[in-house]
Every structure is written in structure tokens, then in C-alpha cells.
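Data block below; observations after.
Sequential numbering from 1 along the given sequence is applied to the chain's residues.
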Amino acid sequence: MAATRDAAPVPLRADPGFAGQALLGGLVVFAAYHLALAVFMAVAPHAFFTAVGPFGRYNAHYIRDLASFEAALGFGLLVAIRRPGWRVPVLAIVTAQFALHTINHLLDVEKAHPRWTGWFDFFSLLISSALLAWLWRSAARRSSERSAT
């Protein structure tokens, strides 16, 4: 019964309390972030490269490829807003992607131009990874509470 309940769409106000609203807010913010980033990367890959990703050589094809991954994560997060059963797995994948992305930026932190952007990117990704881990944990806790009822 819980699996059916988790699979069905729920109204946005179905997650009461601060943790429930923070979870929904986090899903909305990260979905918007991923989708906006995907559009920016797909529409203006050179602008993305110069403004956000000045690592190595410019390659429009690879930036647009990455845009497709960002869009997929954004769409997954959008679905998870209304389908609680999607929250734990989608947040697990997005958290893993952010954590791996954070490590990659740490390894290349000195290669950014200008140099300060490397450290800014690293710390913003680290903070985002921690926030996503909290959202994932919150979703897992809420899912287990729903299963217990």
C-alpha cells in the first residue's frame, strides 16, 4: 500500500512542518538550478565556458552533452516534487553527482581562470553537496515514516 501511495502524485502542501516544506523548497530550488544551467549550457556554451566553466579548452559539444545530463537531473527533481517515491532515489543520484563534482573541482582548483573561481566553485559545490545530503536524509526519514503508517 505504501508503494502505491508513494507513486501517486501528491499536492504540494502534503508535506507539513518545516522539514517537509524545506524538502519541497530544496527540490524546487535544485530542479530550477539544474534546468536553468542546462538551458544556459545548451543555448550559449561559449558564454557558459567563459563565465562558469573556464577549465581547459573550450568544447561546445561536450558542454551541450553535459547540458543534457543537467536537464535529466532537473527533470528527475521536478517529478520528485509531486511523487514522494521518487525523492530518495533522485536525491541520492543528485547528491552523488554533486559530491563527485566537488572532488573533481578540488583536484582542478588551481586550473581555473581567474584562480579565485576554482575555490569559489569548490566551496559552493561542497555546501550544495551537504545541503543535498540533508535533503536526501530528510526524504528517507519521511519515506520510512510513511511506510510505517
Are the side chains of P45 and F40 in contact, using a 4.5 Å heavy-atom criterion?
no

The test is side chain to side chain contact (heavy atoms under 4.5 Å, CB included); show your working for E70 and Q97 and say whether it passes.
CA-CA 10 Å; E70 293 292 341; Q97 187 276 331; 4.3 Å; yes

Verify side chain to side chain contact (heavy atoms under 4.5 Å, CB included) between L35 and L78, making sure each step is shown before the conclusion.
CA-CA 10 Å; L35 293 171; L78 275 180; 3.4 Å; yes

Residues passing the ring pair (Phe, Tyr, Trp, His ring centres under 6.0 Å) test with H46, sequence neighbours excluded, are Y58

According to a hydrophobic-cluster definition based on side-chain heavy atoms being under 4.5 Å apart (Ile, Leu, Val, Met, Phe, Trp, Tyr only), do L131 and L37 belong together?
yes

Between F98 and H34, does the ring centroid distance fall short of 6.0 Å?
yes

Applying a strict under-4.5 Å side-chain criterion to I, L, V, M, F, W and Y, I'd like to know whether L73 and V52 cluster together.
yes

Ring pair (Phe, Tyr, Trp, His ring centres under 6.0 Å) against Y62, all qualifying residues, sequence neighbours excluded:
none

Shared hydrophobic cluster for Y33 and L126 (ILVMFWY, side-chain gaps under 4.5 Å):
no

Counting C-beta onward and ignoring hydrogens, is there a side-chain heavy-atom pair between L125 and L106 closer than 4.5 Å?
no

Side-chain donor or acceptor of S138 paired with backbone N/O of W134 under 3.5 Å:
no

For the hydrophobic clusters of this structure (ILVMFWY residues joined by side-chain heavy atoms under 4.5 Å, transitively), does one cluster hold both F49 and V109?
no

F69: which residues meet the side chain to side chain contact (heavy atoms under 4.5 Å, CB included) condition with it, sequence neighbours left out?
L66

Quick one, F48 with V43, criterion side chain to side chain contact (heavy atoms under 4.5 Å, CB included). Give me CA distance, side-chain angles, the key distance, then yes/no.
CA-CA 9 Å; F48 171 82; V43 172; over 6 Å; no

Taking the six-membered ring for Trp, are F122 and W119 parallel (under 30°), tilted (30 to 60°) or perpendicular (over 60°)?
perpendicular

Could you tell me which residues satisfy side-chain hydrogen bond (donor to acceptor under 3.5 Å, both in side chains) with T102, sequence neighbours excluded, listed by chain and number?
S129

Applying side chain to side chain contact (heavy atoms under 4.5 Å, CB included), name anything that partners V28, two or more places apart in sequence or on another chain.
I81

Expected output: side-chain R87 to main-chain A139 donor-acceptor under 3.5 Å
no

Do L27 and L91 come within less than 4.5 Å of each other through their side chains, counting heavy atoms only?
yes

Would you sort out whether F30 and S128 count as a side chain to side chain contact (heavy atoms under 4.5 Å, CB included), showing the intermediate values?
CA-CA 9 Å; F30 279 104; S128 296; 4.2 Å; yes

Close side-chain approach of V94 and V90, heavy atoms under 4.5 Å
yes

Side chain to side chain contact (heavy atoms under 4.5 Å, CB included) partners for R141, two or more places apart:
R137, E145

Looking only at heavy atoms, what is the nearest atom pair of D121 and S124, with distance?
O-OG, 3.1 Å

Would you mind reporting whether W86 and L77 have side-chain heavy atoms less than 4.5 Å apart?
no

Should M41 and R64 count as side-chain neighbours, where that means a heavy-atom distance under 4.5 Å?
no

